Amino acid sequence: MLAATVVALLWANLHHRSYEAIRELPIPFTGGAFDLHALAVDGLLTIFFFVAGLELKKEFTEGALSRPAEALVPIIAAVCGMAVPAGIFLAVNLASPDGHPGGWAIPMATDIAFALAVLAVVGSSLPTPVRAFLLTLAIVDDLGGIIVIAVVFTTGLSFVWLGVALACVLVWWLAQRQRIDHWALYVPLFILCWYATYQSGVHATIAGVALGLASRNTATEGNDPVDRWNHFWSPVSAGFVVPFFAFMAAGVAITPDLMLGVVTSPIGLGIALGLVLGKTIGVFGGAMLTAKLTGAALGSGVTWRELLGVGVLAGLGFTVSLLIVELSLPAELIDQAKAAVLTGSLIAAVAGGLLLARRTKVHRAEQA
């Protein structure tokens with residue numbers, strides 16, 4: 001994903017016209033309805049959300065979300081970590097005549113893949129509950145982003161197509177209950193559900209989430225579909241789908257005016273402040289208030305300094321943030337918003353990584 005982002009940025013800045021030509025390359029047999037960019041945003045990204053749905057199902061049945069009382073601190077921290085960035089964005093954009101409040105959801109998201117990758121690099125000696133906290137936080141964050149996409153970015157709703165999509169989810173759920181296990185049923189059903197959702201006016205990626213949540217995971221059986229499909233599709237999502245989306249979405253022609261707009265335009269400033277400050281304040285403040293008011297524990301060996309690092313790192317928004325940019329803003333503001341997402345994410349990754357790296361050194365010294 002990082003490599004695809006770098007390639008997209010280099011290509012867009014060295015030869016922007018050819019980069020745009022690649023993005024607009026039409027897909028055969030679609031009647032001009034889909035180009036490569038639309039394939040990434042409305043098509044293949046459904047696989048990424050299917051994996052997210054599988055992960056949510058596992059969390060709801062046997063993970064942290066099956067025991068909300070035990071995961072209260074990261075759950076509340078995640079909710080506050082979505083609300084505060086959105087509030088900061090709205091405050092900045094409502095205060096300016098050039099603002100665009102419709103992009104309020106852009107700084108809400110945490111990119112779970114990037115955040116966990118940074119943690120794996122710099123936090124190898126941190127207590128295991130630190131990773132569990134970030135994982136729970138990111139999963140609840142993903143759920144919030146999914147709900148926002150489903151509710152806010154639904155246009156021209158067709159109840160007929162929505163009914164077809166819901167019928168597909170019901171058939172999927174019934175087949176899972178009957179222990180039917182054959183790709184010849186599930187692949188066509190997945191495609192039909194995606195197409196019906198796309199035609200219904202609900203963003204097509206929601207089909208992936210719904211089918212993931214409708215899959216079987218009992219926590220008492222081995223080799224459930226959730227485990228097997230997650231094992232198969234996660235590498236496809238992480239190794240192809242998300243990098244392909246990153247390549248199609250992250251190619252911004254960087255100019256001095258564009259970068260100046262990150263700190264001067266209401267869109268850029270709202271996103272950057274939301275990701276860097278809003279996430280930190282929301283996650284850390286939400287966790288602290290929850291722990292102080294309820295007496296809930298952070299986890300064995302986890303300190304507030306490490307939680308601060310996690311809060312900063314949570315500002316690393318990428319996949320869902322860039323998707324919401326595409327969905328919420330007019331074309332003339334998209335490049336400015338993407339530059340702000342990339343800048344804010346880079347600052348959060350570096351700052352959060354440095355804070356957690358210092359804590360790693362402390363733990364290594366204590367273990368020596």
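Computed from a prediction, not measured in an experiment: that's the story for all the values here. Scope of the values below: all heavy atoms of this structure, side chains included, with no hydrogens, waters or symmetry mates.
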Closest approach of [X] and [Y], non-hydrogen atoms and distance?
{"X": "Ala105", "Y": "Ile324", "result": "O-CD1, 3.6 Å"}
{"X": "Met82", "Y": "Gly145", "result": "SD-N, 4.5 Å"}
{"X": "Met108", "Y": "Ala86", "result": "CG-CB, 4.0 Å"}
{"X": "Pro107", "Y": "Gly270", "result": "CG-O, 4.4 Å"}
{"X": "Ala214", "Y": "Val169", "result": "CB-CG1, 4.1 Å"}
{"X": "Ile88", "Y": "Gly274", "result": "CG2-N, 4.1 Å"}

same_hphob_cluster([X], [Y]) at 4.5 Å side-chain heavy-atom cutoff:
{"X": "Trp183", "Y": "Phe190", "answer": "no"}
{"X": "Leu54", "Y": "Ile147", "answer": "yes"}
{"X": "Leu260", "Y": "Ile347", "answer": "no"}
{"X": "Leu56", "Y": "Val242", "answer": "yes"}
{"X": "Leu258", "Y": "Val92", "answer": "no"}

To the nearest 0.5 Å, tell me how far [X] [atom1] sits from [Y] [atom2].
{"X": "Leu211", "Y": "Gln176", "atom1": "CG", "atom2": "CD", "value": "9.5 Å"}
{"X": "Leu322", "Y": "Leu342", "atom1": "CG", "atom2": "CG", "value": "6.0 Å"}
{"X": "Leu137", "Y": "Ile76", "atom1": "CG", "atom2": "CD1", "value": "11.5 Å"}
{"X": "Asp42", "Y": "Glu326", "atom1": "CG", "atom2": "CD", "value": "9.0 Å"}
{"X": "Leu289", "Y": "Phe284", "atom1": "CG", "atom2": "CZ", "value": "10.0 Å"}
{"X": "His37", "Y": "Met248", "atom1": "NE2", "atom2": "CE", "value": "8.5 Å"}

4.5 Å side-chain heavy-atom contact, [X] and [Y]:
{"X": "Arg131", "Y": "Leu119", "result": "yes"}
{"X": "Ile271", "Y": "Gln336", "result": "no"}
{"X": "Thr303", "Y": "Arg359", "result": "yes"}
{"X": "His100", "Y": "Pro266", "result": "no"}
{"X": "Pro225", "Y": "Asn217", "result": "no"}
{"X": "Met1", "Y": "Thr319", "result": "yes"}
{"X": "Thr46", "Y": "Tyr198", "result": "no"}
{"X": "Trp233", "Y": "Phe48", "result": "no"}

Without swapping roles, check the side chain of [X] against the backbone of [Y] for a donor-acceptor pair under 3.5 Å.
{"X": "Ser321", "Y": "Ile106", "result": "yes"}
{"X": "His182", "Y": "Leu185", "result": "no"}
{"X": "Asp335", "Y": "Val252", "result": "no"}
{"X": "Lys338", "Y": "Ala249", "result": "yes"}
{"X": "Asn93", "Y": "Phe89", "result": "yes"}
{"X": "Ser237", "Y": "Ser234", "result": "no"}

Pairs involving residues 242-274, ordered by first then second residue, that meet ring pair (Phe, Tyr, Trp, His ring centres under 6.0 Å) (sequence neighbours left out): Trp11-Phe247, Tyr19-Phe247, Phe240-Phe244
Pairs touching residues 105-161 that satisfy ring pair (Phe, Tyr, Trp, His ring centres under 6.0 Å), sequence neighbours left out: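 The answer is Phe114-Phe318, Trp161-Tyr195.
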Salt bridge Asp141-Lys279, side-chain N to carboxylate O under 4.0 Å: yes
Cationic N near anionic O, under 4.0 Å, Glu20 to Arg23: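 Arg23 and Glu20: salt-bridged.
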Stepwise side chain to side chain contact (heavy atoms under 4.5 Å, CB included) check, Met288 with Leu307: CA-CA 9 Å; Met288 179 171 284; Leu307 200 62; over 6 Å; no
Side chain to side chain contact (heavy atoms under 4.5 Å, CB included) between Val41 and His203, worked out: CA-CA 10 Å; Val41 173; His203 196 264; 4.1 Å; yes
Residues, nucleotides or ligands: over 12 heavy atoms within 6.0 Å of His16 NE2: yes
Neighbour count above 12 (heavy atom, 6.0 Å) for Gln178 CD: no
Residues Trp172 and Ser215: side-chain donor-acceptor under 3.5 angstrom: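 Their side chains do contain a donor-acceptor pair, which is all the 3.5 Å distance test asks for.
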Positive for salt bridge (Lys or Arg N to Asp or Glu O under 4.0 Å) with Asp227, one of Lys58, Arg216, Lys57: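 Looking at Lys58, Arg216, Lys57, the match for Asp227 under the salt bridge (Lys or Arg N to Asp or Glu O under 4.0 Å) is Lys58.
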Worked check of side chain to side chain contact (heavy atoms under 4.5 Å, CB included) between Leu275 and Ser345: CA-CA 7 Å; Leu275 289 173; Ser345 296; 4.2 Å; yes
Reference residue Leu44; test side-chain contact (heavy atoms from CB on, under 4.5 Å); the match among Val241, Leu36, Thr205, Val236: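 Single side-chain contact (heavy atoms from CB on, under 4.5 Å) partner of Leu44 among Val241, Leu36, Thr205, Val236: Val241.
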Ring geometry between Tyr186 and Trp229 (parallel below 30°, tilted from 30 to 60°, perpendicular above 60°): perpendicular
Steps toward side chain to side chain contact (heavy atoms under 4.5 Å, CB included) verdict (Ile149, Ile206): CA-CA 8 Å; Ile149 291 170; Ile206 300 302; 4.1 Å; yes
